[in-house]
Each structure stands twice: as structure tokens, then as C-alpha cells.
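Structure first, then comments.
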Protein chains: 2
Amino acid sequence: MESRELQGRVARLHYQHGMTHQEIGDLLGLSRVKVTRLLADARRAGIVEIRIHSSSNPFEDLETALVGRYGLQQAWVAPSFADARRTWDSVGMAGAECLRALVPTTGTVAIGLSSSVAAILPHLHPEPRPDIGFVPLAGSWGGMSRGMNPHELALKLGSAFGARTYHLPAPILASTPEAGAAFREDPGVRETMALAGGADLLIAGVGGMDRASGILVDALSAAERTQLAADGAVGDISARFFDTDGRGVPGRLDERVVGLSLEALSAIRHRVAVSFGPHKVAALDTALRTGLMNMVVTDVDTAKSLTGKTGTALPGTERKSG
Amino acid sequence: MESRELQGRVARLHYQHGMTHQEIGDLLGLSRVKVTRLLADARRAGIVEIRIHSSSNPFEDLETALVGRYGLQQAWVAPSFADARRTWDSVGMAGAECLRALVPTTGTVAIGLSSSVAAILPHLHPEPRPDIGFVPLAGSWGGMSRGMNPHELALKLGSAFGARTYHLPAPILASTPEAGAAFREDPGVRETMALAGGADLLIAGVGGMDRASGILVDALSAAERTQLAADGAVGDISARFFDTDGRGVPGRLDERVVGLSLEALSAIRHRVAVSFGPHKVAALDTALRTGLMNMVVTDVDTAKSLTGKTGTALPGTERKSG
DNA sequence: CGATGAATTGAACAATTGTTCAGCCATAGT
DNA sequence: ACTATGGCTGAACAATTGTTCAATTCATCG
């Protein structure tokens with residue numbers, strides 16, 4: 001598109017000279033709608049950058065409360081919205097900020113490929129870090145979900161940072177424990193898993209036990225979910241289910257998983273949980289309380305549930321929130 | 001006001017998290033209108049900064065045309081609006097940009113105190129240049145006009161740059177030629193005028209001969225204006241009237257002026273005219289054509305009149321403009 | 001202690017901005 | 001040549017943002 005020039009002109013006329021879309025359209029011989037679209041494009045393309053010169057963080061109180069309650073290294077809270085898509089976007093943006101802050105200039109980053117992590121992608125501005133590598137925490141799952149498969153996810157993540165991406169050539173959940181063992185013994189798989197286990201940073205979603213609270217749980221059969229619940233599972237990180245003490249839930253299902261064990265991933269120093277929603281509060285609380293994860297990216301509603309706090313509001317009467 | 005913190009929070013929620021004013025109000029326990037006002041304040045306070053990452057200049061063609069036609073060093077063109085106040089604002093903003101670009105880090109800047117120059121003030125962001133001095137081109141006029149007197153103007157200008165400001169202790173127009181001579185011989189006046197004459201940069205308005213086209217002309221009697229017109233005057237710079245050849249108009253009026261002569265101000269290397277409006281086209285054209293001024297800050301309509309150009313429009317049909 | 005006036009508030013209104021949708025145009029594939 | 005297909009357009013509608021104005025609060029002064 002050679003409209004960069006035009007986008008810039010229109011952006012200047014609107015943001016610097018304060019002209020309305022209609023006035024710009026009249027001046028340049030464009031329709032108002034066209035001007036509106038050029039401006040939206042310009043913002044998406046990053047031609048328009050809005051900076052806030054203030055150290056204030058609107059959700060500082062909730063972030064501090066999370067850090068205090070769970071002894072975290074850091075926490076990121078994003079606003080909640082009635083419209084679920086907007087909340088995904090919002091948390092994704094916070095996740096992108098977290099990544100910008102934490103991704104090192106060299107070393108390895110382990111990634112739990114989940115829809116929460118996928119939500120981060122659209123908000124990553126290219127920022128070259130050629131000397132890092134992104135390694136999946138576990139194998140890939142089959143079908144598409146939310147229009148995103150793990151390959152694509154890892155690739156986009158890598159390309160945003162200009163970094164290497166590794167692939168774990170196995171399903172996240174093999175059909176039998178024996179098949180799982182076979183995959184785990186594959187040299188390629190072992191190598192990649194060793195790399196992930198030695199990572200400096202881990203970013204992963206934390207799933208709950210409800211349907212719709214994670215791609216994986218959704219794919220299990222009713223019997224399998226029942227069994228897991230009976231075994232005390234309250235949530236999972238990349239298919240590794242844990243109980244209220246944060247310990248793994250052994251069993252046939254666990255043996256089918258191709259991916260880092262909870263013990264192995266706990267060896268990674270910096271471990272960020274990206275997770276939100278009422279379905280996931282219990283799982284997330286456990287993961288943070290037991291130290292499985294030591295940082296979190298979540299939304300206001302979830303943060304309030306976790307901390308028991310009521311308000312972000314400054315002075316008097318709070319009203320309905322999101 | 002200790003609301004800086006709040007302004008920052010609100011600005012973040014709106015511009016970074018994309019929340020509407022209503023949503024922010026609900027979250028923080030404020031009314032929507034209050035949020036709207038906080039955001040407006042934040043923008044005015046510079047907490048919100050909008051940058052356009054593009055080299056495109058919407059009025060490049062007109063600026064280039066002006067530079068080419070008159071052999072100028074540079075030209076600044078701002079959009080015109082149907083609402084006169086908005087056009088003043090617009091040109092004032094362009095003037096501020098011009099100042100940012102041209103005001104040196106050390107030396108002297110001569111200022112023609114006029115309403116055009118006054119329009120620049122609200123758009124100056126503080127930018128310390130402690131080693132420069134602002135010197136008026138001429139004495140001060142008596143009454144308030146557009147709520148701005150020359151003292152105030154010079155003071156604000158100086159304080160925006162953290163610079164020294166000088167004052168010329170005399171009226172711009174003495175009551176008689178003799179009184180004028182007396183003022184000009186005053187040591188303080190001579191000294192300040194000498195300083196102005198040796199300036200590196202000059203910024204001044206260019207007035208036309210109509211009433212309402214300048215504070216000064218407006219203050220003259222009908223007889224005085226008739227006489228000036230008869231003598232061939234087409235405009236003025238700080239009370240120094242000039243004819244179509246850019247030469248001074250001698251006479252009793254000229255002898256009453258306390259301020260730099262046209263010859264003296266022509267010795268300043270960089271001379272910026274800040275002027276716009278149909279009343280001033282003839283005067284501005286003369287000032288630029290004869291080289292009295294060698295840079296200009298004006299609006300689109302005036303620029304079009306000066307260059308004979310029709311359009312800023314890119315492609316096909318242009319429509320009504322401002 | 002009440003009067004006065006400036007500053008602040010939010011409801012109602014006005015303007016601007018954003019989105020949807022049906023129609024149009026161009027391209028490519030029969 | 002004829003028609004799908006997909007992108008592009010702007011009119012109409014919907015939502016958000018900005019402004020005005022009367023009411024109110026609050027501090028100050030008589």
C-alpha cells in the first residue's frame with residue numbers, strides 16, 4: 001500500500017491541526033468515511049503514537065495486592081469488559097507489555113501455547129531480539145481453535161522478536177501412555193524439552209476444570225474430566241494437571257502428556273501465568289499460592305476475586321463495573 | 001492541582017486500554033463529563049502526547065510554492081477554518097512550530113508585538129533557552145487589545161523559553177514628531193533599539209491598510225489613513241508603513257514612530273512574517289516580494305491567494321474548502 | 001451569620017466519530 | 001462474453017465525545 005503518505009497527511013491534519021474528519025475530507029477530496037478509515041489504519045500501522053507522560057498506573061493497587069498476597073515478582077492487571085472479546089484484547093495487551101518487560105536479550109523463553117498466550121500476539125510491536133529462542137512447553141494439539149494453531153502461534157511470536165522458534169514434534173496428548181512414552185523418548189523431543197526446561201522465562205496459560213476454560217479440558221471426554229476431578233485436579237498448565245497443593249495428578253492421562261512436568265517447569269526462574277475469567281479463578285489461585293507460577297497477567301475482575309478486594313475506585317461510590 | 005495523578009490514570013485507561021469515558025467513570029466513580037474534562041486537561045497539560053511517525057507535511061505543496069515564488073528561506077502554512085478563532089489558533093500553532101525551529105540557543109530575537117504574534121503564545125511548550133533575549137521591535141501601544149498587552153506578551157514569550165526579555169520604554173507612536181525624536185534619543189530606548197537591530201532573528205506581523213487588519217491601523221484616524229493611502233502605503237511592520245516597492249513612507253506619522261526603521265530591520269538575517277487573512281494579502285505579498293521579509297507563517301487561504309494556486313487536494317474533485 | 005461570586009457539577013443537547021450493510025467495481029475463472 | 005468472488009465505497013445508523021447551561025457547592029467577605 002502506498003497510502004502511508006496519505007495516512008500521515010491525514011493524521012497530521014487531524015491530530016496536530018485539530019481538523020475534523022469531514023473537514024479533512026473536504027480539503028483533500030475524500031469522503032468522511034474514507035478519512036475515518038485512513039486514520040484507523042494509521043493508528044494500526046503505528047504512524048500515530050500516543051504517549052502518556054505520567055508514571056501513574058491505573059491498576060497499581062490491584063497489582064500490588066496480588067504481589068503481596070502471593071509473594072509474586074510482579075503482576076499485570078488489565079481492565080475487564082462486558083464484551084468478552086474486548087477483555088481478551090485487554091489482557092492480551094497487558095501480556096504484550098509483560099513480554100516487552102521480561103523477554104531477555106539473550107537466552108531461552110518457554111511458551112505454553114494456549115489461547116491466552118495467543119491473545120498477546122496482535123499487540124506485539126516488532127522488537128528485534130535475534131539472540132533468544134522460543135521453545136514450546138509441550139507438544140501441539142490437533143485442531144484449530146479460535147483460528148489459531150500452535151505452529152502459527154510460535155511462528156508469529158518468533159517473528160515479532162526476530163527470534164528463533166523451536167518446535168516439539170509430538171502431540172500434546174498421545175493416545176496412550178505407551179505412545180506418550182515413545183514420543184518422550186524421541187531424540188528430537190527430548191532435546192527440545194531439555195531446552196524448554198533450561199529456559200530463563202516461562203509464559204503459559206493456566207486452565208481450569210470447567211469446559212470452556214481451556215482448549216485442552218474442552219477436548220477431554222466427560223469420563224476423563226470426572227476422573228481428574230476425583231483425583232483432586234483443580235487446573236492445568238499445558239496439560240499438566242495439579243491439585244490444591246500444586247502437585248501433579250498422576251494417572252493414565254498424565255502419562256499420555258508430551259511436555260514438561262510441573263517439577264521441571266518449576267525450575268525455571270521466572271514463571272508468568274496468563275489467565276483470567278471466573279472459570280479459572282480457583283486454578284489460578286492455586287498456581288500462584290503454591291508457587292507453581294510466580295507472576296501473573298490477568299484482568300480486573302479476576303484480580304478482585306483473587307485478592308478479595310472490591311474497588312479500583314478512588315473516592316466515594318463505585319458503580320457497576322464492566 | 002493535585003489531579004495530575006488522576007489525569008494520568010484516566011489518560012492511560014482511555015488511550016492505552018481503549019476504555020470509553022463512560023466506562024472509566026463507572027470504574028473510578030466519576031461522572032462521564034468529569035472524565036471528559038480530565039482528559040481535555042491532560043491533553044492541555046501535555047500529559048498526553050500524540051506523535052505522527054511520518055515525514056509527510058499536508059501543506060508541503062503550498063509551502064514549496066511560497067518559497068519558490070518569493071525566494072524565501074522557509075514557509076509555514078496552517079489550515080484555514082470558517083471559524084476565525086480556529087484559524088487564529090491554527091496559525092498560532094504553526095508560528096510556535098516556526099519558533100521552535102528557528103529560535104537559536106544563544107543570541108537575540110527581535111519581536112514585533114502584534115496580535116498575530118500573540119496567537120503563538122498559547123501553543124509554546126516550555127523549552128529552556130536561557131541564553132537568548134527577546135527584544136521588542138518598537139515601543140508599546142496603550143490599550144488592551146484582544147486581551148493582550150505588549151508587556152504581557154513579551155513576558156510570556158520570555159518565560160516560555162526561560163529567556164531574558166527587554167522592554168522598550170516608549171509608546172510605539174508618540175503624539176508628535178518632536179516627541180518621537182525625544183523618545184528615540186533617550187539612552188534606554190537607543191540601547192534597546194540597537195540590540196533589536198543586531199538581532200539574529202525577527203518575528204513580526206505584517207498589517208494591511210484596512211481597519212481590522214491590525215491593532216495599529218485600527219487606532220489611526222480616518223484622516224491619517226487617507227493620507228497614508230495617498231502616500232502609497234500598502235501595509236506596515238510594527239508601525240513602519242511601506243509602499244509597493246517595499247520602501248518606507250516618509251511623513252509626519254513615520255516620524256512619530258519609536259521603533260526600528262525598515263532599513264534597520266532589513267539588516268536582520270532571518271525575518272519571519274506572521275500574517276494571514278484577505279485584508280492582508282496585498283501587504284504580505286509586497287513584504288515578501290520586496291524582500292522586507294524572507295520567511296512567512298500564514299494560512300491555507302492566504303497562501304493560495306499569494307501563489308495563485310487552487311488546491312491542496314490530491315486526486316480528483318475538490319470541494320468547498322473551509 | 002448571611003450575602004456574594006467564583007468554581008464545579010452533571011443533565012441535556014450538539015457534534016463528531018465509528019460501524020454496518022447493500023451496492024458497485026474490478027479481477028479472474030470458466 | 002458471463003458470472004462468481006472479493007475488496008472497496010459511502011449512505012444510514014449507532015455510539016462516543018464535546019459543549020452549554022442552570023443548579024449547586026464552597027470559600028470569602030461584609
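Per chain, numbering begins at 1; letters A, B, ... match sequence-line order.
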When you measure from the side chain of A:H53 to the backbone N and O of B:G46, does any donor-acceptor pair fall under 3.5 Å? no
In whole Å, I'd like the distance from the CZ atom of A:R37 to the C1' atom of C:dC21. 11 Å
Can you list, pair by pair, the side-chain donor-acceptor contacts under 3.5 Å of residues 11-18 of chain A, counting residues two or more places apart and other chains?
residue: A:R12; atom: NE; partner: A:Q16; partner atom: OE1; Å: 3.0
residue: A:R12; atom: NH1; partner: B:S54; partner atom: O; Å: 2.8
residue: A:R12; atom: NH1; partner: B:S56; partner atom: O; Å: 2.4
residue: A:R12; atom: NH2; partner: B:S54; partner atom: O; Å: 3.1
residue: A:H14; atom: ND1; partner: A:M19; partner atom: O; Å: 2.8
residue: A:Y15; atom: OH; partner: A:R43; partner atom: NH1; Å: 3.4

Partners passing side chain to side chain donor-acceptor pair (under 3.5 Å) against B:S116 (at least two apart in sequence or in another chain): none
Does a side-chain N or O from A:K34 land closer than 4.0 Å to OP1 or OP2 of D:dG10, or not? no
Taking the six-membered ring for Trp and the single ring otherwise, decide whether the centroids of A:F59 and A:W76 are under 6.0 Å apart. no
B:V272 side chain near B:C98 side chain, heavy-atom distance below 4.5 Å: yes
Distances under 3.5 Å between nitrogen or oxygen atoms of protein and nucleotides 12-18 of chain D:
residue: D:dT17; atom: OP2; partner: B:H21; partner atom: N; Å: 3.0
residue: D:dG18; atom: OP1; partner: B:R43; partner atom: NH2; Å: 3.3
residue: D:dG18; atom: N7; partner: B:R32; partner atom: NH1; Å: 3.4
residue: D:dG18; atom: O6; partner: B:R32; partner atom: NH2; Å: 2.7

